[in-house]
Colleague: 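One structure, as structure tokens, below. Some questions next.
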Amino acid sequence: MADAAEIQGPSASPARRRLRRAGALLAGAPLLAGLLQLTAAEPAQAAPADSVSVALDSLTPSAPTEDDTLTVSGTVINNGRQPVTGAHVGLRVGPLLNTRSAIDGIAQHPDDLRAGTGDELGGKYTEKFGKLVPGVAEHFSISVPVDELDLGKDGVYSFGVSVSGKTSARPWDQMLGIERTFLPWQSSEADTKSRTTFMWPLISSVHMTARTGAGERQTPVFQDDELAKEIAPGGRLAQMMDLGRDLDVTWVIDPDLLAAVDAMANGYRVQQPDGTSKAGSRENQDVAKQWLAGLQKAVTGKEVVALPFADPDLASLAHTGTSVTGSLSHLKDATDVAALTVKTVLHVTPTTDFAWPVEGAVDPSIIKVATSAGADRVIASSDSLRESAGLSYTPSAARPIGGGTTAVVADARMSTAFEGDLTKADTSTLAVQQFLAQSLEANVQKDEQRSFVVAPQRTPTASQAQAMATALKALQDGNWSQPETLTGAANAKPDPDATTRIPSTSAYPSSLRKRELPRSAFEQIAETQDKLDNFQVILTDQSRVVTPFGRAINRGMSTSWRGQAAKADGFRADVLSYLGNLGGQVKLIDKSETKLSGRSATIPVTVQNNLVQPVGHLYLRLSSTQPTRLKIGGKAYDEQPVEVSGGHSQSVKFTTSANANGRATVLAQLYTEDGQEYGDPVSFDVKVTEVTPTVMLVIGGGVLLLVLAGFRMYTQRKRAAARQAGQEGPDEAEADAGDKSGNPDDAGDRLPEESGSPAGAAGPDQPGDPAPDTAPESADPSGTGERVDR
């Protein structure tokens, strides 16, 4: 047939051959499309193979030894549309992992079926299910003696729990799902144990405002009642305290949290949306007392590191705050008050020479700011100080970085193991196993003792704290690590080959920089400090204001504000507004127009103090804007010292002299002793009305006429009396005359000038002057047209 084909007619031309090939391609297109569709359909049919999920809820013990029995439990769920028959759950021991990055790879994709899974143990160490119905969770629990796992060399092994079965689309036994984790294996005590420091943070968000009650106790006002929920039984901070009690940890505490709980225990108020406040509950007071008592016992004998008060954002200070004058002084204040707060509340002396930037990210400016307040040890992340010498092992935490400063480098892998949502049992279990695996792998890298530091997230959730405690207990019971304090890690001998180079400012993570406090935040703080400085100088008890506002300023730059820009701005604005309101309680009372009926007079100006404490160190200056017409104390202005008791007003009198008739404007202003204006000025007009000679002549003439009229009346009465005496006889006339003219009680016989001062005449004090010290309610503005006589 081949031969017959070969001798058929003459050969086709090139054009004809191209035409036949094109036709063949067109004819084969439908067949090719069908093949492509068939190939594409393969994954669609294979989809059920990935549709069964495995959740590893428990693996105990987390780090088994030779005589242990490993128990694994969890759930499987058929997420496909078809039932799975002949299903069973089995255990798989994978290969020994020789690098920390290999652990990272499995942790990132724990359910990847394509990765190496190891052989299934099989036999009696499986759990069978006749059918896995779609959407229905099935629980499993498998126990196996550790010696059956056939583990060899010490180290970290990949460990998986798989589910296998059949589907109608694939009626043969196949692995449908897997959950991979890690099995740390240290069969006996390690020859060299690493030293592990676990920082246990007690940090919360800002809860207290700058507002306090007016009484002696100065009852603090809280923004809300959220702190009570955190310290109540079952709350986040309650669990942190309970769990940390039984662990070898270094407590890292924000003193502001202690101050807030202590304030709550002694009585507090909660701010309301309408601006008022209500008393906190007695129940919450009792909860606060119980939490503090429990914490005092928990930290006994443990190392306590106190962060600066309110945990200021060091990176924000370094990148934007230093451009605003005075910002660094607040960090120094926060550091100085930290030790006193912890010692007062917990009765322990804390360490205050550690600084902890956000997530351990550092650059030269952050190091400079962190050490400016006295800290000579900065907790940094190994993600920030990356090894550049190609070390095959993880070096110790301590790194001398110059200037007497030590960077204490926290291991990033172990520190971030407990992030994310750990509310589910399987995610929590995976986090615990990953942490232990990283710890063991770091230890076996080198036969030399090294110190590792774990710096978890600042505010772990309750579930994260529980996972941390589980992992730490397993680590402390294990055979390859021993606990160490943070101070011990900082003092450990540094590795000469470890990097000590601080990354440049440009290398600071942009994701963290976006969440920093803006420059406007530090400008608000600076404005608040200026007002506080101006206000406190007039107070007799400065601590009543300086302490609450100083701590509020510290809270305004707290790390906890990251990601809450609007809320943070509102807090700082409220502090500034409230301080301005308090300062406004010492003020001048408005005056209306004052009239001077003469060349000189005394003008009173009233200062009101609505604070509960006396104020002083103030001067009241009264200035004439037209000294050619009106002078104060013989010159353009005069000033007098002012002291006013709490809740009272004080009138200050100024002597004035007028040179011409007319209206002059007078300005009253309070000043502090250092010459700074205090409060708003008060201006009022003074109208001068001089008494002229013509008026004096008219008045004199009127007086003379009154005298003459009186004399005439007197002579007329004498004459009438004489006539009557002549008619009655000498004796009767004499007696009658004595009765009518000599009786001092006969008011009708008095002359007008004998009846005392005319009605309305002013005494030594001006009738318009208030008392020297009046109650607050009497300090009203002067009446319209107030008249001040000479």
Side-chain angles (χ1 to χ4, degrees), residues 534 537-538 584 586-609 615-644 649-703 760-774 779-790:
N534 196 33
V537 297
I538 74 170
V586 179
K587 60 182 180 180
L588 297 172
I589 299 301
D590 290 336
K591 288 180 68 68
S592 59
E593 182 184 84
T594 300
K595 296 179 181 179
L596 298 186
S597 56
R599 289 287 184 180
S600 63
T602 299
I603 296 179
V605 178
T606 303
V607 182
Q608 187 178 57
N609 175 20
V615 297
H617 311 290
L618 278 171
Y619 284 88
L620 175 57
R621 178 181 296 180
L622 193 65
S623 305
S624 174
T625 60
Q626 296 169 286
T628 55
R629 176 171 294 172
L630 179 69
K631 291 185 177 181
I632 313 295
K635 49 188 181 294
Y637 71 89
D638 192 16
E639 59 183 22
Q640 297 186 39
V642 176
E643 292 184 3
V644 188
S649 333
Q650 183 71 38
S651 290
V652 183
K653 296 180 179 179
F654 292 88
T655 302
T656 62
S657 56
N659 298 323
N661 293 344
R663 193 182 307 274
T665 300
V666 174
L667 187 69
Q669 174 69 62
L670 287 170
Y671 286 87
T672 58
E673 283 185 335
D674 56 359
Q676 298 294 317
E677 292 185 355
Y678 186 90
D680 296 328
V682 167
S683 64
F684 56 95
D685 289 338
V686 176
K687 186 176 182 181
V688 180
T689 56
E690 183 181 3
V691 182
T692 63
T694 303
V695 174
M696 292 296 294
L697 289 174
V698 173
I699 294 174
V703 172
D765 292 333
Q766 302 299 332
D769 292 348
D773 189 8
T774 60
D780 296 327
S782 305
T784 304
E786 177 184 4
R787 184 180 183 85
V788 182
D789 298 328
R790 286 182 293 177

Colleague: Working note: V666 + L630, criterion side-chain contact (heavy atoms from CB on, under 4.5 Å); need CA distance, chi angles, decisive distance, verdict.
Modeller: CA-CA 9 Å; V666 174; L630 179 69; 3.8 Å; yes
Colleague: Mind checking side chain to side chain donor-acceptor pair (under 3.5 Å) for E673 and listing every partner two or more places apart, or none if nothing turns up?
Modeller: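 Applying side chain to side chain donor-acceptor pair (under 3.5 Å) to E673 gives H617.
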Colleague: I'd like to check V652 versus V642 (side-chain heavy atoms, cut-off strictly below 4.5 Å). Are they in contact?
Modeller: yes
Colleague: To the nearest 0.5 Å, what is the distance between CG (N659) and CD (Q626)?
Modeller: 11.5 Å
Colleague: How long is the gap from OG on S624 to NZ on K635, to the nearest 0.5 Å?
Modeller: 12.0 Å
Colleague: Compare all side-chain heavy atoms of L670 with those of Y619 and state whether any distance is below 4.5 angstrom.
Modeller: no
Colleague: Test side-chain contact (heavy atoms from CB on, under 4.5 Å) on V607 and L620 and set out the steps.
Modeller: CA-CA 9 Å; V607 182; L620 175 57; 4.1 Å; yes
Colleague: Going by side chain to side chain contact (heavy atoms under 4.5 Å, CB included), name the residues that satisfy it together with E677, two or more places apart in sequence or in a different chain.
Modeller: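 For E677, the residues satisfying side chain to side chain contact (heavy atoms under 4.5 Å, CB included) (neighbours in sequence not counted) are Q669, Y671.
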Colleague: Can you sort out the partners of T672 under side chain to side chain contact (heavy atoms under 4.5 Å, CB included), two or more places apart, ordered by chain and number?
Modeller: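 T672: side chain to side chain contact (heavy atoms under 4.5 Å, CB included) contacts with N534, V537, I538, L618, D674, Q676, Y678.
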Colleague: Is there a side-chain contact (heavy atoms from CB on, under 4.5 Å) between F654 and T602? Walk through the geometry before answering.
Modeller: CA-CA 5 Å; F654 292 88; T602 299; over 6 Å; no
Colleague: Which pairs with one or both residues in residues 615-626 pass salt bridge (Lys or Arg N to Asp or Glu O under 4.0 Å), sequence neighbours excluded?
Modeller: R621-E639
Colleague: Would you say N609's side chain and S649's backbone share a donor-acceptor pair under 3.5 angstrom?
Modeller: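 Side chain of N609 to backbone of S649, a donor-acceptor pair under 3.5 Å: no, none is there.
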Colleague: I'd like to check the side chain to side chain donor-acceptor pair (under 3.5 Å) partners of D680; sequence neighbours left out, ordered by chain and number.
Modeller: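 With neighbours one apart ignored, the set is empty.
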Colleague: Would you find a donor on one side and an acceptor on the other, under 3.5 Å apart, between the side chain of Q640 and the backbone of K653?
Modeller: yes
Colleague: Less than 4.5 Å apart, side chain to side chain, heavy atoms only: is that true for V605 and L588?
Modeller: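 When only atoms from C-beta onward are counted, L588 and V605 do touch, with a gap below 4.5 Å.
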Colleague: How close do F684 and S592 get, heavy atom to heavy atom, and via which atoms?
Modeller: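 It is CB-O, 3.8 Å.
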Colleague: Could you grab the distance from atom OG1 of T656 to atom CD1 of I632, nearest 0.5 Å is fine?
Modeller: 6.0 Å
Colleague: Looking at every heavy atom in both G633 and D638, which two are closest together, and how far apart are they?
Modeller: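 Answer, listing the atom of G633 first, then D638: CA-OD2, 4.3 Å.
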Colleague: Under the rule for side chain to side chain donor-acceptor pair (under 3.5 Å), what residues qualify as partners of S657, not counting sequence neighbours?
Modeller: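 Result, side chain to side chain donor-acceptor pair (under 3.5 Å) vs S657: none returned.
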Colleague: Looking at T625 and T665, would you say the former's side chain and the latter's main chain have a donor-acceptor pair under 3.5 Å?
Modeller: yes
Colleague: For a side-chain contact (heavy atoms from CB on, under 4.5 Å) check, start with the C-alpha distance between I589 and V682, then their side-chain angles and the critical distance, and finish with the verdict.
Modeller: CA-CA 8 Å; I589 299 301; V682 167; over 6 Å; no
Colleague: Roughly how far, to the nearest 0.5 Å, is the NZ atom of K687 from the OG1 atom of T594?
Modeller: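 Taking OG1 in T594 and NZ in K687, the distance rounds to 12.5 Å.
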Colleague: Counting only N and O atoms by type, is there a donor-acceptor contact under 3.5 Å from the side chain of K591 to the main-chain atoms of P604?
Modeller: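 Indeed, once roles are kept as given, a pair shorter than 3.5 Å links the two residues.
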Colleague: Side chains of V644 and V615: closer than 4.5 Å at any heavy-atom pair?
Modeller: yes
Colleague: Please report the closest heavy-atom contact between A664 and R629, naming both atoms and the distance.
Modeller: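 Of all heavy-atom pairs spanning A664 and R629, the closest is CB-CD, 4.3 Å.
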